[in-house]
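Report on the following structure.
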Amino acid sequence: MSTDEINDVGSSWRRVVRVLEQNDHVTPRQRGFIFLAQPLGLIGTTLLVAVPNELTREVLQTQLKKALDDALREVFSADILCAFSINTDLMPVQEEEVPQEPAVIRREPEMKPAPTLPSTSQEFGRLNPKYVFDSFVIGQSNRFAHAAAVAVAEAPAKAYNPLFIYGDSGLGKTHLLHAIGHYARRLYTGIRVRYVNSEEFTNDFINSIRDDEGASFKQLYRNVDILLIDDIQFLANKDATQEEFFHTFNALHNHNKQVVITSDLPPKRLSGFEERMRSRFEWGLLTDVQPPELETRIAILRKKAIGEGLSAPDDALEYIASKISTNIRELEGALIRVTAFASLNRQPVDVALAEIVLKDLITDEGAQEITATAILGQTAAYFNLSLEELCSKSRTRTLVTARQIAMYLCRELTDMSLPKIGQELGGRDHTTVIHADRKIRELMAERRAIYNQVTELTNRIKQQQREG
Ligand SMILES: Nc1ncnc2c1ncn2[C@@H]1O[C@H](COP(=O)(O)OP(=O)(O)OP(=O)(O)O)[C@@H](O)[C@H]1O
């Protein structure tokens, strides 16, 4: 197809968009999706259109089918069929990379914020760029939670408020929270989204009392359009912090601001919370996430392998997925170990190799829970350090590596939250833990010594766990 022809299709498509803009049956939200599409060319009576994701395709193909067919007929004076292809490059860039809202959304007046939302763009709580809806695999176990999360991002404070997502550790609750934040920021220019772990909320609150900064604490948590609060169970029995959260929640809810909460248990089973708090959690929508079934686990591994550029055949992925069933973080950890081992040995990943590597990683049913104390104790002993040194501020090379390995192992072998791990290792920030986790994953694939140290330490910790 020549450039002229493509330009021609471009101008026809712009006319199609104008016709759709004038169609009263098309909602402003649906228009937002039309702007994300780009025509690629016309082959006979089929128009090829690129869209950034499955959701956009679905909206155009189903909700807007009739309006789109009519508009195409009007512009091309013929019945035109649309064929959609997904091109993630069309996806607006994440906020972390470019602090401004993406141009593709920005220049369209229809994508301006809903009238109730303020228009200043601010950075509120870092969101992990990897935790977006597109990287989230949907299965029976999380379908409802995913749909509710999308609905809340698309219509903050209108769909369900609060949205309360609960379930065991490592099943995607944090991922969904971040994804809501990313997606809402894409849809509404300048929307103020704050993500916070409840332990950070507690720390901020305590510091605000210590520093007499109550007003700025309120400003921080009440001047937002969406508050995403992770792992609310950590507020249990913290009466003063709960009281403050109660007022924050009420202030936001009364002003039609969205609150999304995650927890390991449903409100009714959350102990250490006042009844008025628990009942508020039930005002909106409760949804759980369950351990994923085998097919979903395989799909998650496949997506992860592609995303991280790891090469592993399907049967090896299936083997890993069949062995680790209750925690997606562990599932990902297993994939990293297998591919790191293969890379170090310049061997392809296959089932036999996965079997060898995972032999020690698979948790024994009924064994004692692994604690931070066990991990820190074993790590310190392994590197010939004292516990004080391991948790100290010193930054000698051995200490930094040992500390990062301890953080990585806490992340992989326990259900502890990031702030809690940081706290155990000398009161470090949760971002330090994220960095350590990433660093060790990378080093394991690059340096045999690190891989061996992590493996040997894991074995020692598990051995200690087995012996009670
Ligand atoms: N459905 C999914 N698709 C793809 N990745 C997933 C899915 N569910 C979870 N993950 C991945 O599994 C890991 C653990 O998920 P996440 O941290 O969101 O769990 P969580 O339920 O918040 O756990 P915790 O209660 O311990 O905080 C993350 O890397 C996340 O991206």
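Counting starts at 1 for both ligands and their atoms, in listed order.
- Of the residues listed (F201, F234, F217, F205), the one engaging F245 in a ring pair (Phe, Tyr, Trp, His ring centres under 6.0 Å) is F201, and it is the only one.
- Of the N or O atoms in R329, one or more lie within a sub-3.5 Å distance of an N or O in ligand 1.
- Considering backbone and side-chain N/O atoms, V137 comes within less than 3.5 Å of an N/O atom of ligand 1.
- Screening R441, K130, K303 for a salt bridge (Lys or Arg N to Asp or Glu O under 4.0 Å) with E308, the sole residue that qualifies is K130.
- Considering backbone and side-chain atoms alike, G172 places an N or O below 3.5 Å from some N or O of ligand 1.
- Among V132, T174, I165, the residue whose heavy atom sits closest to atom 22 (O) of ligand 1 is T174.
- Between F133 and H146, the ring center distance clears the sub-6.0 Å criterion.
- Annotation for ligand 1: atoms under 4.0 Å from non-hydrogen atoms of S135 are 3 (N), 4 (C).
- Geometrically, R194 engages Y221 in a cation-pi contact, judged by NZ or CZ lying under 6.0 Å from the ring centre and within 45° of the ring axis.
- Under a 4.0 Å criterion applied to the non-hydrogen atoms of N142, ligand 1 contributes the atoms 1 (N).
- Summarising the geometry of E318 relative to I298, their closest heavy-atom pair is CG-CD1, 3.4 Å, with the distance given to 0.1 Å.
- The shortest N/O to N/O separation between S169 and ligand 1 falls below 3.5 Å.
- The side-chain hydrogen bond (donor to acceptor under 3.5 Å, both in side chains) test with Q378 singles out one residue from Q464, R460, K462, and that residue is Q464.
- Annotation: D230 places no N or O atom under 3.5 Å from an N or O atom of ligand 1; distance criterion only.
- Y131 and H178 have perpendicular rings, their planes meeting at more than 60° on a 0 to 90° scale where under 30° would count as parallel.
- Summarising the contacts of atom 23 (O) of ligand 1 with A179, S417, G333, G170, the nearest heavy atom is found in G170.
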- salt bridge (Lys or Arg N to Asp or Glu O under 4.0 Å) between R438 and E442: does it pass, once the steps are laid out? CA-CA 6 Å; R438 195 176 307 142; E442 283 166 12; 5.6 Å; no

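- Of all the heavy atoms of K130, none lies under 4.0 Å from any atom of ligand 1, so neither backbone nor side chain is involved.
- For D264, the heavy-atom gap to ligand 1 stays at 4.0 angstrom or more.
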